[in-house]
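Working notes, beginning with the structure itself.
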Amino acid sequence: MPERRYNPSEIEPRWQRLWARERTWEVSNEPTLPGAPRASYVLEMLPYPSGEPHIGHLKNYALGDAIAHFHRRTGRRVLHPMGYDAFGLPAENHAIRTGVHPRRSTDDSIDAFQRAFRRWGVSIDWTRELATHEPSYYRWTQWIFLRMLERGLAYRKEAAVNWCPNDQTVLANEQVVDGRCERCGHEVEVRQLEQWFFRITDYAQRLLDDLDTIDWPEHVKAMQRNWIGRSEGAEVTFRCEELRLDYPVFTTRPDTLFGATFFVMAPEHPDVLRLAAGTAHEAAVHEYVNRALTESAELRGAADKPKTGVPLGRHVVNPVTGEPMPMYVADYVLMEYGTGAVMGVPAHDQRDWEFARAFELPIRPVVAAAGGEEPDVSGGAFVAHGESERLINSAEFSGLDAVAGREAIVARLERDGIGRAAVSFRLRDWLLSRQRYWGCPIPVVYCDGCGVVPVGDDQLPVRLPDIEDYQPRGRSPLAAAEDWVATTCPGCGAPARRETDTMDTFVDSSWYFLRYCDAHNDAAPWDPEVLRRWMPVDQYIGGVEHAILHLMYARFFVKALADMGLLDFQEPFRALFTQGMILGPDGQKMSKSRRNVISPAPIVERLGVDAARCYVLFIGPPDQDAAWSETSLEGVHRFLSRLWRLADALGERSPDAAVQPEAPTGDALALVRKANWAIDKVTGDMSGRFAFNTAIAAVMELVNEIYRHPEADIAARRFATATAASLLHPFAPHLGSEVYELLTGERVWEQPWPAADPGMLTAETFELVCQVNGKVRDRVQAATGASREALEALCLAAPGVTLHLDGREIVKVVVVPGKLVNVVVR
RNA sequence: GCGGGCGUGGUGAAACGGUAGACACGCCGGCUUUAGGUGCCGGUGGGCUUGGCCCGUGGGGGUUCGAAUCCCUCCGCCCGCACCA
C-alpha cells in the first residue's frame with residue numbers, strides 16, 4: 001500500500017480557495033464598540049510591481065503575515081492591506097525600448113504580483129487594494145499637493161539641482177548617491193533650473209525630535225538624525241567696507257572667531273562675480289566659477305581633493321579683532337548649506353587649515369589644550385573644544401574655557417547686533433518635479449496673466465494622457481502632447497498651459513497607508529474618523545534601503561497633513577521592523593549578472609509555500625542578512641512532512657484533540673509538558689520581539705518529542721500535535737490549518753492563541769547544576785520547591801563536588817533556586 | 001573623520017549575568033529496503049594519559065561567587081553619511 005505523503009500542492013490551494021470564498025481576512029471600518037477587540041494595523045512596504053515578486057518579497061510578507069495572524073489570534077482586529085507603487089522609471093524605460101505603454105506593462109506586473117500573493121496565502125484584505133497609477137488614487141495625490149501649495153509647503157524656485165543626463169530628469173538630494181543617480185548609476189550633473197519643492201526643511205526640528213517617540217531600530221533613527229544634520233552654533237555678520245555689503249556666515253565654532261583670518265564664498269554665491277568686478281582677479285574668478293559650476297558632483301564632492309580657490313580682491317572685517325580678512329571663492333564651500341559663505345579659521349578647522357596652507361594665509365591659534373600652551377598647528381588643525389580647552393589670543397575672552405568662551409562671544413555679538421546663536425540643518429527641501437512621463441501630473445497651469453494657477457479640486461484628477469513617444473529630451477515627454485498641454489486658466493479663462501512635469505514617485509508612497517483605511521472614499525482622500533480607528537500603523541515592515549527616503553518623506557507628509565487638521569497624529573509608523581536581505585547561495589547579493597538569483601515560484605511549486613515561508617523565517621534572526629541554502633530549505637520541508645504524518649497517523653477528528661488530557665503520567669506527561677513549554681516559548685518569541693527563528697525551532701522540538709514518545713496515550717499525542725499545528729499556523733498557515741482540522745475538525749485561525757498551563761511548565765524535579773568555583777562538577781535531581789538549604793546540602797553531597805572540595809575551605813555558597821548551587825572554596 | 005552595528009563549532013545559528021553550542025544543515029554510524037532514495041534511531045566544539053580531566057565565544061585587562069552577555073582597551077569586518085563650516 002503506497003504511503004500517503006504531505007502534498008502541499010493539494011493542501012495549499014484548497015485553503016486559499018476557502019479563504020477567498022469566505023473573504024476571511026476582510027475587516028470593516030465599523031466603529032469599535034467599548035470592550036470590542038483592539039485594532040491592529042500591520043503593514044509591509046508596498047511593492048513596486050516589476051516582473052514577478054522575488055524572494056525578498058516572500059520574506060517581507062512571511063514576516064508581516066506571521067505578525068498579522070498572531071495579532072488576530074491574540075484578540076485584535078487586524079488591518080492587513082495590499083497595494084502597488086505603480087508609477088516609476090523602470091516601466092517608462094521599458095516603454096522607450098519596446099513601445100509598450102507603461103500602463104500595460106505595469107498592469108501585467110500587478111497581475112503577476114496578485115497571483116503570487118494569493119498563491120503565497122498571505123492574509124490580505126483585498127477589498128482595500130490600490131495602485132498609485134490609478135486616477136482614483138492619484139486624484140488624491142494631486143489634492144494633497146494642492147493643499148501643500150495653499151500652505152506654501154509646495155513652491156517653485158530656481159536652484160542648482162541634480163540632473164541625471166541618462167534618465168533626463170532632476171533628482172532629489174536623497175536620490176544622489178556618491179555623486180551618481182541612485183537608479184541608473186550615471187554621474188549626476190549640476191544644473192540651474194526652476195523646479196517644484198516641498199518645504200520639508202520647515203519640519204526639520206520636529207522630524208528630529210519625534211524620532212524619540214517611535215519604536216524604530218536605532219540604526220534607522222541614527223541615519224535620519226544624520227540626514228537631518230542639526231548643528232548648533234552662531235550666525236556672525238562680516239562687513240565688506242569696500243562695497244558696503246554685509247555677509248552673514250554660520251559657524252559651529254564662535255569660540256574661534258578671533259582666529260578667523262580669511263573669508264570664503266561658494267562659487268554659486270550670487271555676489272561672487274559682483275565682488276570681483278573691477279579687481280585684478282576678475283577674469284580668474286570668472287574662470288574658476290565657470291569650471292566649478294560645470295564640474296560633476298562626484299568630482300567636486302571628493303573630500304581628499306586638494307583645496308582650490310581664487311582671491312576676490314576684496315576684504316571683510318573681523319568683527320571682534322577689526323582686522324581685514326581677504327575674501328576668496330573656493331569650491332569647498334557649499335551654497336546649499338548655511339549662507340554659502342564661511343569664515344576661515346585655519347588653526348581650528350582642518351579644511352580651513354588646508355586652504356590656508358595652499359594660499360599661505362596666517363594660522364593663528366585661539367584655543368589652547370588643557371596645559372594652556374599654544375597648540376602645535378604645523379601639521380594640522382587643533383579641533384578639541386571642550387571644557388578643558390581654554391581660549392587664548394582672544395582679548396578679554398582669553399582664559400575662558402571653550403564652552404564658556406563660545407557663550408560669552410555669542411552674547412557679545414548679540415549685544416553689538418552683528419550675530420546671534422543659530423541652528424543649522426543639513427536637510428534640504430525635497431525636489432519633487434521630474435521631467436518624465438510615467439508619474440502623477442502636477443495639477444497646476446501656467447497663465448500669462450495669472451502666473452502659476454492651481455487646478456480646482458473639482459477638476460481633479462488631471463489625467464495623465466496617452467502618448468506615443470516616451471523619449472525624454474530634457475523636458476517631460478508630456479510637453480509634446482499639445483492637446484493636453486493647452487487648457488484654459490482656472491482663474492481668468494484665458495488660454496493657458498498645463499505643467500508638464502510629473503511628481504517624484506515618493507510622493508505617491510508618502511500617503512498610501514492612509515488611503516488603505518478608507519480606500520473607497522469618493523468625497524475625500526479619507527474620513528478622519530475612520531483613520532482614527534486604524535492609524536498610526538502598529539507594525540511597519542520593510543527593507544532598510546528606505547531608511548531615509550520613503551520613511552522621512554512619509555513622516556513629513558503626516559506632520560504637514562496634521563498641521564492642516566486632516567490628521568490627528570504626528571507619526572505614521574509606531575513601530576518599524578527592517579528585514580535583512582536574503583543573499584544568494586554564494587553569500588553575495590542576488591543579481592542576474594552573478595547568476596545567483598533564487599526565484600520563489602519554482603520553490604513554491606516543488607515544496608509548497610509553507611516550507612518557503614518557514615524557511616525564510618527559520619534561516620536566522622529576521623533583521624539579519626542570510627545566505628540561501630537549498631539543503632536547509634529541504635530540512636524545513638522535512639519537518640513539515642513530519643508534522644503532517646503525525647496528523648495523518650493519529651486518526652479520526654474530534655474537537656477534543658486540542659484539549660489537554662487531565663492528569664497525564666509517564667510518556668503522556670512528558671508530551672503535555674513539552675507542548676506547554678512550546679506554547680510558552682513561541683508566545684514569548686512573538687511578543688515584542690520577532691524571534692521567529694527560535695519560535696519555529698521550538699515547534700520542531702515539540703514535533704521531535706512526539707516522535708520520541710510513540711507509546712504515549714493517544715490523547716496526549718493528539719493534544720501535542722494539535723498544539724504544534726496551532727503554534728505553527730502564523731508561519732505555515734496552510735499546514736497549520738490542515739493538521740488542526742484533521743485532528744479537531746476546527747479552523748485554527750478562529751481559535752484563540754493557546755495559553756500555557758502554568759502547572760505544566762515545571763516538573764516535580766529538576767536537574768540541579770552543582771558548581772565549585774564556577775565550574776560545573778556535577779548535576780543531581782532536586783525537588784522543584786526545595787529550600788535553599790536543601791539545595792545546598794544536595795550539592796555538597798554530590799560526588800563530583802566532594803571530589804573537588806577535598807581538604808579545601810568553603811568560603812561561601814551561592815544558591816540560585818531552581819537552577820544551580822555554586823560552592824566557593826579556597 | 002562622524003554615526004550605527006557585528007565578531008560563538010565544518011555551516012546558519014541558540015543562550016532574562018547562572019549547564020556555551022538549543023534547533024537545523026552537513027558529516028559519521030545503525031535499523032528498514034534487492035539496491036538507490038525516502039523514513040526512523042543514535043553520534044558529532046577541540047585536545048588528552050578518556051569511568052575522568054584540561055582548553056574553548058576575535059586579542060588583552062577589569063567588575064562578579066559566576067561573563068558570549070557588563071566596563072575599559074586593542075584588532076578585524078559590515079552598513080550609513082561625509083569638504084555640512
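The analysis underlying the following values was restricted to heavy atoms, covering all of them including side chains, and did not include hydrogens, waters or symmetry mates. Numbered from 1 within each chain, the chains take letters A, B, ... in sequence-line order.
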Polar atoms only, N or O, under 3.5 Å: list the protein pairs with nucleotides 64-72 of chain B and their distances.
residue	atom	partner	partner atom	Å
rC65(B)	OP1	Lys812(A)	NZ	3.4
rC65(B)	O2'	Asn822(A)	ND2	3.3
rC65(B)	O2	Asn822(A)	ND2	2.7

d(CH2, Trp644(A); P, rG39(B)) in whole Å
14 Å

Enumerate all atom pairs, one protein N or O and one N or O from nucleotides 48-54 of chain B, separated by less than 3.5 Å.
residue	atom	partner	partner atom	Å
rC53(B)	OP1	His804(A)	NE2	3.3
rC54(B)	OP2	Arg777(A)	NH1	3.1

Scan Gly229(A) against the nucleic acid and name what it touches under 4.0 Å (heavy atoms): base, sugar-phosphate only, or nothing.
nothing

Test of ring centre spacing under 6.0 Å for Phe618(A) and Phe639(A)
no

Please determine whether a side-chain nitrogen of the Lys or Arg among Lys305(A) and Glu354(A) lies less than 4.0 Å from a carboxylate oxygen of the Asp or Glu.
no

Lys/Arg-Asp/Glu bridge criterion (N-O < 4.0 Å) met for Arg253(A), Glu389(A)
no

Can you give the dot-bracket line for RNA chain B, using ( ) for pairs inside the strand, [ ] for pairs that cross earlier ones, | for pairs with another strand and . for unpaired bases, where Watson-Crick and G-U count if both distances are under 3.5 Å?
(((((((..(((.....[....)))((((((.......))))))((((...))))..(((((..]....))))))))))))....

Look at Lys307(A) together with Asp352(A) and state whether they make a salt bridge at an N to O cut-off of under 4.0 Å.
no

His637(A) NE2 to rC25(B) P, straight-line distance once rounded to whole Å:
13 Å

Not counting sequence neighbours, which residues clear side chain to side chain donor-acceptor pair (under 3.5 Å) with Asn596(A)? List them please.
Asp586(A)

Ion pair Arg708(A)/Glu701(A), N-O distance below 4.0 Å:
no

Taking CZ from Arg645(A) and C1' from rU38(B), how many angstroms apart are they, rounded to a whole number?
9 Å

Could you give the CG-to-C1' distance, from Asp648(A) to rG39(B), as a whole number of Å?
14 Å

Starting from the C-alpha separation in whole Å, work towards a yes-or-no answer on salt bridge (charged side-chain N to carboxylate O under 4.0 Å, His left out) for Asp667(A) and Arg717(A).
CA-CA 10 Å; Asp667(A) 281 7; Arg717(A) 273 149 57 212; over 6 Å; no

Neighbours of RNA chain B within residues 611-620 of chain A, by heavy-atom distance under 4.0 Å:
Phe618(A), Ile619(A)

Between Arg426(A) and Asn226(A), do the side chains contain a donor N or O and an acceptor N or O under 3.5 Å apart?
no

Please work out if Ala222(A) contacts a base, only the sugar-phosphate, or nothing of the nucleic acid, heavy-atom cut-off 4.0 Å.
sugar-phosphate

For Glu545(A) and rG4(B), give me the distance from atom CD to atom P, rounded to whole Å.
22 Å

Using a 4.0 Å heavy-atom cut-off, does Glu767(A) contact any base of the nucleic acid, only the sugar-phosphate backbone, or nothing at all?
base

Taking 4.0 Å as the cut-off, does a side-chain nitrogen or oxygen of Asn704(A) come that near to OP1 or OP2 on rC41(B)?
no

By the 4.0 Å heavy-atom rule, please label Pro217(A) as base, sugar-phosphate, or nothing.
nothing

Give a yes/no answer on whether the side chain of Gln624(A) brings an N or O atom under 4.0 Å of OP1 or OP2 in rA13(B).
yes

With sugar-phosphate meaning primed atoms plus P, OP1 and OP2, does Arg638(A) contact a base, only sugar-phosphate, or nothing at under 4.0 Å between heavy atoms?
sugar-phosphate

Relative to the 5' end of RNA chain B, which residue comes earlier, Asn693(A) or Thr631(A), by the nucleotide with the nearest heavy atom?
Asn693(A)

pair Glu182(A)-Leu549(A): side-chain heavy atoms closer than 4.5 Å
yes

Phe262(A) pairs by ring-ring contact (aromatic ring centres under 6.0 Å, His included) with which of Phe238(A), Phe355(A), Phe359(A), Trp353(A)?
Phe355(A)

Is Arg642(A) close enough to rC41(B) that one of its side-chain N or O atoms is under 4.0 Å from OP1 or OP2 there?
yes

Strand-adjacent residues in residues 337-350 of chain A, judged by heavy atoms under 4.0 Å from RNA chain B
Tyr337(A), Val342(A)

Expressed in angstrom and rounded to an integer, what is the separation of Phe766(A) atom CZ from rG18(B) atom P?
16 Å

